[in-house]
Student: 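Here's a structure for you.
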Amino acid sequence: MENGNIRVISRAFSILVHLAQEKRPLGITEIASAVSLPKATVYRILDSLEAERAVLNRGGEYELGPVTLLLADAYRSQVGFAEAARPHLLSLRNETKETVHLFVYERGEFYYLDKIESPYQVRMHSRIGGRASLFRLSAGKALLAGLSPDDLKELHEPVPGEVAAEFPGILSRGYAVDDEQNEQGLRCVGAAVLDGAGRPRGAVSVSAPVYRFPAELLEKYGSLVARAAEAIGREIACFEECPCSGGRSAG
């Protein structure tokens with residue numbers, strides 16, 4: 001019975017994740033096809049999720065419900081530095097006029113935690129809460145460069161040799177570069193956010209189409225993103241160590 005309950009939970013989460021990725025109301029047939037489950041099973045799970053307000057039924061089509069908003073907000077608050085990082089992200093976006101991302105690292109996984117869009121029409125297709133690449137994104141490579149050998153063992157796959165070869169340069173400059181490696185026509189710079197003990201907790205990046213982000217701007221934007229990451233790191237240290245901030249002890 002326990003294994004059956006675990007299977008139901010896993011299936012429910014696969015449905016919730018699919019709804020989150022699609023960001024639109026979906027019918028049972030489409031959901032069932034996407035998560036590879038019988039329609040009757042999907043219907044029963046959706047019925048239970050609707051009772052908990054995790055999904056809403058809009059005339060036979062389903063979308064995420066208000067409980068998911070509560071969970072997302074609780075996670076952002078739990079991470080601690082998302083709110084404190086906001087002013088620094090805004091400042092970075094205003095200085096570059098390009099899209100700025102904040103990432104969080106959790107046990108071998110890398111996620112988009114916050115995003116401030118460029119005012120220009122051509123923008124990034126990233127989503128807050130989505131999983132991000134540690135090996136292709138500048139932010140991911142910057143974070144990896146600061147991980148200890150023990151931390152690197154948490155990764156689900158080994159670091160490619162060509163990525164590891166970039167670590168000395170990243171540590172020397174203070175930022176990493178994604179020169180159309182993750183997406184053709186897109187250039188990014190990223191820097192790791194370190195806590196008071198010097199451990200990478202996340203990263204910050206600036207991303208733009210190459211025609212707005214020529215190679216001549218790499219050093220300028222790289223310095224700006226490194227400065228923002230350092231400022232956010234100071235916020236983390238204060239949050240975790242200063243009783244006056246209301247943060248928790250760094251035990």
Side-chain angles (χ1 to χ4, degrees), residues 1-79 82-83 86 89 99-137 139-140 155-157 178 181-186 188 202 205 207-209:
M1 185 66 177
E2 183 178 352
N3 288 339
N5 290 337
I6 292 172
R7 192 180 307 115
V8 170
I9 293 171
S10 177
R11 289 172 171 177
F13 268 94
S14 70
I15 291 171
L16 291 172
V17 168
H18 183 66
L19 288 172
Q21 291 172 336
E22 290 298 310
K23 302 177 74 171
R24 61 186 175 87
L26 299 175
I28 288 177
T29 300
E30 187 174 357
I31 296 171
S33 175
V35 300
S36 301
L37 289 172
K39 287 194 289 184
T41 300
V42 170
Y43 177 80
R44 288 195 300 270
I45 292 172
L46 286 170
D47 191 51
S48 296
L49 291 172
E50 185 184 6
E52 300 297 333
R53 306 296 286 170
V55 300
L56 298 175
N57 185 343
R58 305 289 194 188
E61 293 189 322
Y62 294 82
E63 62 186 17
L64 292 180
V67 165
T68 57
L69 181 62
L70 175 67
L71 296 173
D73 184 63
Y75 176 74
R76 283 171 57 84
S77 298
Q78 178 181 297
V79 167
E83 184 176 349
R86 254 280 158 161
L89 302 180
T99 299
V100 172
H101 290 106
L102 178 69
F103 301 83
V104 63
Y105 177 76
E106 294 281 7
R107 298 184 180 182
E109 301 283 1
F110 202 44
Y111 297 93
Y112 290 96
L113 184 61
D114 201 357
K115 175 183 182 180
I116 302 180
E117 293 273 17
S118 165
Y120 298 120
Q121 189 171 6
V122 177
R123 300 179 177 181
M124 310 299 106
H125 299 296
S126 52
R127 295 177 179 173
I128 294 174
R131 188 174 295 172
S133 171
L134 280 165
F135 301 149
R136 297 192 306 273
L137 293 177
L155 302 178
H156 303 306
E157 54 185 304
D178 163 15
Q181 292 162 302
N182 185 60
E183 185 177 334
Q184 189 70 27
L186 190 65
C188 313
S205 73
S207 307

Student: Can you tell me how far CD1 of Ile15 sits from CD1 of Ile45, rounded to the nearest 0.5 angstrom?
Tutor: 4.0 Å
Student: Under the side-chain contact (heavy atoms from CB on, under 4.5 Å) test, which residues partner Asp47, sequence neighbours left out?
Tutor: Glu50
Student: After noting the C-alpha distance and the side-chain angles of Ile116 and Leu102, does the key distance pass the side chain to side chain contact (heavy atoms under 4.5 Å, CB included) rule?
Tutor: CA-CA 9 Å; Ile116 302 180; Leu102 178 69; over 6 Å; no
Student: Which distance, rounded to the nearest 0.5 Å, do you find between the CZ of Arg53 and the CG of Leu64?
Tutor: 12.5 Å
Student: Taking side-chain contact (heavy atoms from CB on, under 4.5 Å) as the definition, give me every residue that meets it alongside Tyr43, ordered by chain and number, with sequence neighbours left out.
Tutor: Ile28, Tyr62
Student: Quick check against the 3.5 Å criterion: does Ser10 have a side-chain atom that pairs as donor or acceptor with the backbone of Arg7?
Tutor: no
Student: Could you tell me if the side chain of Asp178 sits less than 4.5 Å from the side chain of Arg136, heavy atoms only?
Tutor: no
Student: Would you call Val35 and Arg11 a side-chain contact if the rule is heavy atoms closer than 4.5 Å?
Tutor: no
Student: Report the residues that fulfil side-chain contact (heavy atoms from CB on, under 4.5 Å) with Arg24, sequence neighbours left out, ordered by chain and then residue number.
Tutor: Glu22, Leu26, Glu30
Student: Please identify each residue that fulfils side-chain hydrogen bond (donor to acceptor under 3.5 Å, both in side chains) with Glu52, with sequence neighbours left out.
Tutor: none
Student: Who are the side-chain contact (heavy atoms from CB on, under 4.5 Å) partners of Ala34, not counting sequence neighbours?
Tutor: His18
Student: Apply ring-ring contact (aromatic ring centres under 6.0 Å, His included) to Phe110 and list each qualifying residue two or more places apart in sequence or on a separate chain.
Tutor: Phe103
Student: Asn182 and Ser133: which non-hydrogen atoms are nearest, and at how many Å?
Tutor: OD1-CB, 4.4 Å
Student: State, with a plain yes or no, whether a side-chain heavy atom of Leu56 is found less than 4.5 Å away from one of Pro25.
Tutor: no
Student: Tell me the closest heavy-atom pair linking Ala208 and Leu186, and the distance in Å.
Tutor: O-CD1, 3.3 Å
Student: Looking at every non-hydrogen atom in both residues, tell me the closest pair between Glu61 and Gly27 and how far apart they are.
Tutor: CG-N, 4.0 Å
Student: Rounded to the nearest 0.5 Å, how far does CG of Leu137 lie from OH of Tyr112?
Tutor: 4.5 Å
Student: Is any NZ, NE, NH1 or NH2 atom of the basic residue among Lys115 and Glu117 found under 4.0 Å from an Asp or Glu carboxylate oxygen of the other?
Tutor: yes
Student: Indicate yes or no: at least one non-hydrogen side-chain atom of Leu19 is less than 4.5 angstrom from one of Ile31.
Tutor: yes
